[in-house]
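Report on the structure given below.
Every chain is numbered from 1, with letters handed out A, B, ... down the list of sequences.
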2 protein chains.
Amino acid sequence: MTSPEGYDKYAFEPFAVTVDLAVLTLRAGTLQVLLVERGQEPYAGRWALPGGFVLPDESAEEAAWRELAEETGVTDASGLHLEQLRTYSEPGRDPRMRVVTVAFAALLPDPPVPHGGGDAAQAQWLRFDAIGPLAFDHDRILADAHERVGAKLEYTCLATAFCPPEFTLGELQQVYETVWGTPLDRPNFRRKVLATPGFVEQVPGAARLTGGRGKPAALYRAGGATALHPPLLRPTTEGRPR
Amino acid sequence: MTSPEGYDKYAFEPFAVTVDLAVLTLRAGTLQVLLVERGQEPYAGRWALPGGFVLPDESAEEAAWRELAEETGVTDASGLHLEQLRTYSEPGRDPRMRVVTVAFAALLPDPPVPHGGGDAAQAQWLRFDAIGPLAFDHDRILADAHERVGAKLEYTCLATAFCPPEFTLGELQQVYETVWGTPLDRPNFRRKVLATPGFVEQVPGAARLTGGRGKPAALYRAGGATALHPPLLRPTTEGRPR
DNA sequence: TGACTAATAGTCATCCCGACTATAAATGCG
DNA sequence: CGCATTTATAGTCGGGATGACTATTAGTCA
């Protein structure tokens, strides 16, 4: 055992600790990811998740918020959802040195700040389904983030984190359909959402919105609930793995 | 931004990286946790989760398996469940130095190896509900582990990880009741478990087991399924937080 | 004005689940 | 020996959630 009991300061190998962010949003009906292009080896020219070192006086969570702000330009942490995913620590994941990374998943509503707050490599939004191999083990991190978000849509009210402050039920449904990659029945979705107390609440001013064709939809905002009981399960793919 | 782009080896602060284990089991109908008593400051005399440094050539997962083996004496990783919980990185969590810990939750079937494989501080099983304040932030880690395990019982077949290779449905139900702290209706539990394909399969040899009174129960072993559809939800505590 | 589109309302059968009652098979005490 | 006790297993019943549909309303666009 490498005991943490009475360790002296040099009984261990120091590691570099970083955070990596899987920032997801919905744009034009597609799931998109914030990526930066690497300028140097290794993986020069490849896309990578934004991230950076954890500073000596901050936690991984603080580092993640800081990176998110720097990368997207968002300043109000208000509505945003940022959640720790897991930690990746395989010895060979960065060929240069031993780097342990704490990965986070972040969700933004549609028109997020144009990205690039004035930093090194410009961050860009890329379609989730058209992403080549990423640098390092970022493919796996991104896949884990997608799986996690998809799962949390089932039993939490997380979907509203993808929506602007006021949204229609159609937009909310699009979140589910896009993340899960499955069409949902509209009346049933509506019934389910409205039957869950605290999921959404209607904007009182009889407000409505219509960008295109069709009957104008009522506007809703996120309610106070965070959990979903009973859950809103994905269309059963029969023995879906976990 | 603290860019990982072209970092040189000393552009960052090195951290110590450890693993901490929340090892849970069911003994005598109670949830128990494997703890070690600290012999030195800080928190001398307090109980703490077992753990240790991640070695230079291993991942956090490998370190966790190694520690688990050292602490409990288990050698066959076969049926065991070990799962990464999350990473705790608050700057002040260890007063001596900057330590980032990757926490794991482990589940063992009832009579786990007597603990103490021949190591420093003897590890001991303590009742989950009779645990005073632990060292460091281990109270929080343990609470997170408990919450995670409770949640995963709902939508995975994880419960069998607490059971020996062959078990009765009554024992399986005890797992749920003990972890959740709620009594369940026996016929309904039975119906639900048996209706889920791949959750359990009956041991063919008409085997039976009876330690005490009552009608002997049929024996089952874990099936191949890992997910539970639809889930087996906890008795609704109305707006249970997440 | 008349397609077309999207939102909303409502129906209906099925399945799941909580609450219960009933029966079977063992132990152990008087 | 017989009966109370204990635990496992079987089955019933009603309500609620859900999937699959149909119908109606309220807009836009040509």
Atom CG of A:N188 and atom P of C:dA9: how far apart are they, to the nearest Å? 14 Å
Would you say C:dC17 has OP1 or OP2 under 4.0 Å from some side-chain N or O of B:K192? yes
Compute the ring centroids of A:Y220 and A:F167, then answer whether they are less than 6.0 Å apart. no
If I take atom CG in residue A:L172 and atom P in nucleotide C:dT8, what distance separates them, rounded to the nearest angstrom? 12 Å
Quick one: which residue pairs count as a salt bridge (Lys or Arg N to Asp or Glu O under 4.0 Å) with a foot in residues 216-226 of chain B, not counting sequence neighbours? B:E166-B:R221, B:E201-B:R221
Report yes if a side-chain nitrogen or oxygen of A:R190 is closer than 4.0 Å to either non-bridging phosphate oxygen (OP1 or OP2) of C:dA7; otherwise report no. no
Does anything in residues 183-197 of chain B pair up under salt bridge (Lys or Arg N to Asp or Glu O under 4.0 Å), and if so which pairs, sequence neighbours excluded? none
Please state whether the phosphate of C:dC4, meaning OP1 or OP2, lies under 4.0 angstrom from any side-chain nitrogen or oxygen of A:R213. no
The single option from B:V23, B:V36, B:L35, B:L21 passing side chain to side chain contact (heavy atoms under 4.5 Å, CB included) against B:E71: B:V36
Looking at D:dG11, D:dA8, C:dT8, which one has an atom nearest to any side-chain atom of A:R186? C:dT8
What do the steps show when you test B:R66 against B:E62 for salt bridge (charged side-chain N to carboxylate O under 4.0 Å, His left out), and what is the final call? CA-CA 6 Å; B:R66 176 175 50 75; B:E62 289 164 348; over 6 Å; no
To the nearest 10 degrees, the angle between the two end axes of the helix from C:dT1-D:dA30 to C:dG30-D:dC1 (five pairs per end) comes to 0°
Rounded to whole Å, how long is the line connecting atom CG of B:L233 with atom P of C:dC15? 20 Å
Record whether the side chain of B:R191 comes under 3.5 Å of the base of D:dG11 through a donor-acceptor pair of N or O atoms. no
Take a 6.0 Å sphere around CZ of A:R127 and say whether it holds more than 12 heavy atoms from other residues, nucleotides or ligands. no
